[in-house]
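To start, the structure under review is shown below, and the notes come after it.
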Amino acid sequence: MSPKNDQDERLIGVIDAGTRTVQFCVFRTSHTKEIAKHTIDITTAVPQEGWSEQDPKEILNAVKSCMEIVVNGLGADLVKNIVTLGITNQRETTILWDKTTGEPLHNAIVWNDIRTDSTVDKILAKVPDQNTNYFSKHCGLPISPYFSAFKIKWLMHYSPHVKKALKTNTCLFGTVDTWILWNLTGGVHNGKHYTDVTNASRTFLMNIELLNWDPYLLRYFNIPESILPEIKSSSEIYGKVGDDWPLKGVTISGILGNQQSSLLGQRCLKEGQAKNTYRSGCFLLYNTGNQRVLSTHGLVTTVAYKLGDEPAVYALEGSVAVAGTAVKWLRDNMGFLKDVSKDTESLAKEVFNTGDVYFVPAFKGLYAPYWRKDARGIICGLTAFSTKQHIIRAALEAVCFQTRDILEAMNKDCGIPLSKLRVDGKMSENDLLMQLQADISGIPVIRAESEDITALGAAMAAGAAKGIEIWDIRSGEAELVPIHTFLPTSTTNERDARYKKWKMAVQRSLGWAVPKKSNVMTEERYRMLSSLPGCLYLIISFGMLALSEFLQELEGS
Ligand SMILES: Nc1ncnc2c1ncn2[C@@H]1O[C@H](COP(=O)(O)OP(=O)(O)O)[C@@H](O)[C@H]1O
Ligand SMILES: O=P(O)(O)OC[C@H](O)CO
């Protein structure tokens, strides 16, 4: 399949819109290494504790700039060989916009935002036995602020712009793939309002068996189907790049959520194969073939991919909210290191172990397999002997222990223990982390020595689409990703003793965050306050404050 010369080269472009960065890469058909790439950082705003927002326009501008820079750098001879495009993206992040103006109606609410905690509490209070998995037979997911439906609901309730657009029937919803595709294919001028099954499977609104919007869930959340995109496969022609973009007229034929995309990039095409991606968060996906395995141990059922008309392939997923973010926190908030990629490993290696320090980085609660939004971060086991090196090492071990939590759950759900773990993602470049992972989980860790496994998956899907057919995903002709293997050096007893201690640390992190009344200035609260004369409001507020302080003193005495 190798091209004879530059003229024969068939190229695939990929837009990779992650949480921290947007990039555009170009791959040669059936080759794992991209030939060109440009990356731009994305800003994340934190308007309140636990909130996380991004500007949808900034995402689009970054996509456009990355494409422009790569296209200009490649030169006309190679650019004309770009046959098609793929899109891969951060999942669950929720964008609502106006279809007549193309303007976002609010900032994007990012996947790890926990503003919908109280909505989740209300729903949990209503379902039998407060069962987190009450809806999983419909959508495969546990009740958690992580998923898009809760974010859509919040926007419908709190954003006046969204309310207005719903009334005028001009509101559209999309995850980041849909927002990019709609704009890329014309926007207000007939932009394609589509998503793919992998992204739809993270919204909490798609029926995991039928792969369409679930009428029961739409009714439950009171979300009109008219705002939702059409669900397509992960590999088919969706449309063509519109006039205002570089690569005008080129088709777009692959869309996958980024974790599913790296599963494909790692070629985990067979049932029983799994990969773990270490980035800001950490996501372990296990291919369960055409079978939907509903987890009874805290994992998520998700669509791994669907290639055109072929039946969907499913995966069990273990999602860890905080992996690399903990190291970034040690840099930015604690000042323990200067450069994440250069200093983390060397500092952690200055000590032989963590000195019995454990770090549970539950900054926004714990995802799989616990699904406890009341958990908060703890560092425990500190003594006068502990140093920042011990804590940095404990942050790395935390990622490995969280992965072991997921592996244990996966082994119970699937019955056959995983015999090796394929890994990728920026954080996996840390050799010590990979060795710790092998030692803590007791299985070989096989690292893909290629940075862009995530983008590679979307390139494969785009190239395989009917009508494009320049990448045969299952053929052995494709270049193999180079690998490096880390073998376990620990004994079962050592592993199990340390894991037991980790579980004790997790127990101590639970139940820390108590539900608090929202202090968001909602429309309702604004109306209520503005209907009171100003001085009356002040008198009542001061009165209430004085009364609460008096009661607190009484309680304390
Ligand atoms: N060598 C390293 N050791 C430990 N953590 C690292 C290392 N390199 C990067 N990281 C962490 O990995 C994450 C980078 O992942 P990246 O792919 O850039 O981000 P994202 O998932 O946010 O799109 C950051 O959170 C960073 O702290
Ligand atoms: O861009 P990442 O690596 O942070 O990906 C985030 C996941 O898709 C969230 O589910």
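Remember, it's 1-based here, ligands and their atoms both numbered in the order they're listed. Computed from heavy atoms alone, side chains included, the values below leave out hydrogens, waters and symmetry copies. Everything numeric here is computed off the predicted structure, so don't read it as measured data.
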Between Gln435 and Asp431, do the side chains contain a donor N or O and an acceptor N or O under 3.5 Å apart? no
Considering only heavy atoms from C-beta outward, does the side chain of Tyr158 approach that of Arg115 to under 4.5 Å? no
Side-chain donor-acceptor pair present, Ser490, Arg495, cut-off under 3.5 Å: yes
With respect to Ser280, determine whether any N or O atom, backbone or side chain, lies less than 3.5 Å from an N or O atom of ligand 1. yes
For Tyr238, is the NZ or CZ atom of Lys192 found under 6.0 angstrom from the centre of its six-membered ring and inside 45 degrees of the ring axis? no
So for ligand 1, is Asn430 a polar contact partner (N or O within less than 3.5 Å, distance only)? yes
Check Thr344 against ligand 1 and report side chain, backbone, both or neither, counting heavy atoms closer than 4.0 Å. side chain
Using heavy atoms and a threshold below 4.0 Å, how should the contact between Thr325 and ligand 1 be classified: side chain, backbone, both, or neither? backbone
Whether the Tyr278 and Gln437 side chains hold a donor-acceptor pair (N or O, under 3.5 Å, no angle test) is what I'd like checked. yes
Report yes if the side chains of Leu205 and Ile152 come closer than 4.5 Å at any heavy-atom pair, otherwise no. yes
How far is atom 26 (C) of ligand 1 from its nearest protein heavy atom, and which residue and atom is that? Val340 CG1, 3.6 Å
Protein residue, atom and distance nearest to atom 9 (C) of ligand 1, heavy-atom basis: Lys426 CG, 3.6 Å
Return a yes/no value for Gly324: is any of its N or O atoms, backbone included, closer than 3.5 angstrom to an N or O of ligand 1? yes
Distance to 0.1 Å, residue and atom name: give those for the protein heavy atom nearest to atom 19 (O) of ligand 1. Arg20 NE, 3.3 Å
Mark yes or no for whether Trp371, through its side chain, and Gly298, through its backbone, hold a donor-acceptor pair below 3.5 Å. yes
Taking atom 12 (O) of ligand 1 as the reference point, the nearest protein heavy atom with its distance: Met427 CB, 3.7 Å
Counting non-hydrogen protein atoms only, what is the nearest one to atom 23 (O) of ligand 1? Give residue, atom name and distance. Arg279 NH2, 3.1 Å
Could you check whether Arg404 pairs with Glu408 (Lys NZ or Arg NE/NH1/NH2 to Asp/Glu carboxylate O, under 4.0 Å)? yes
Salt bridge or not between Asp16 and Lys37? Use side-chain N to carboxylate O under 4.0 Å. no
Protein residues that have a heavy atom under 4.0 Å from any atom of ligand 2, sorted by chain and number: Gly18, Thr19, Gln90, Arg91, Glu92, Trp111, Tyr146, Asn258, Gln259, Arg279, Phe283
Can you tell me if Ser341 has a non-hydrogen atom under 4.0 Å from ligand 1? yes
Verify whether one side chain among Gln54 and Gln90 offers a donor that lies under 3.5 Å from an acceptor in the other. yes
Is it the case that the side chains of Thr454 and Asn258 hold a donor-acceptor pair, with the cut-off being a distance below 3.5 Å and no angle test? no
Should Lys328 be listed as contacting ligand 1, given a heavy-atom distance under 4.0 Å as the test? yes
So is Lys338 actually on top of Phe336's ring, under 6.0 Å and inside 45° of the axis? no
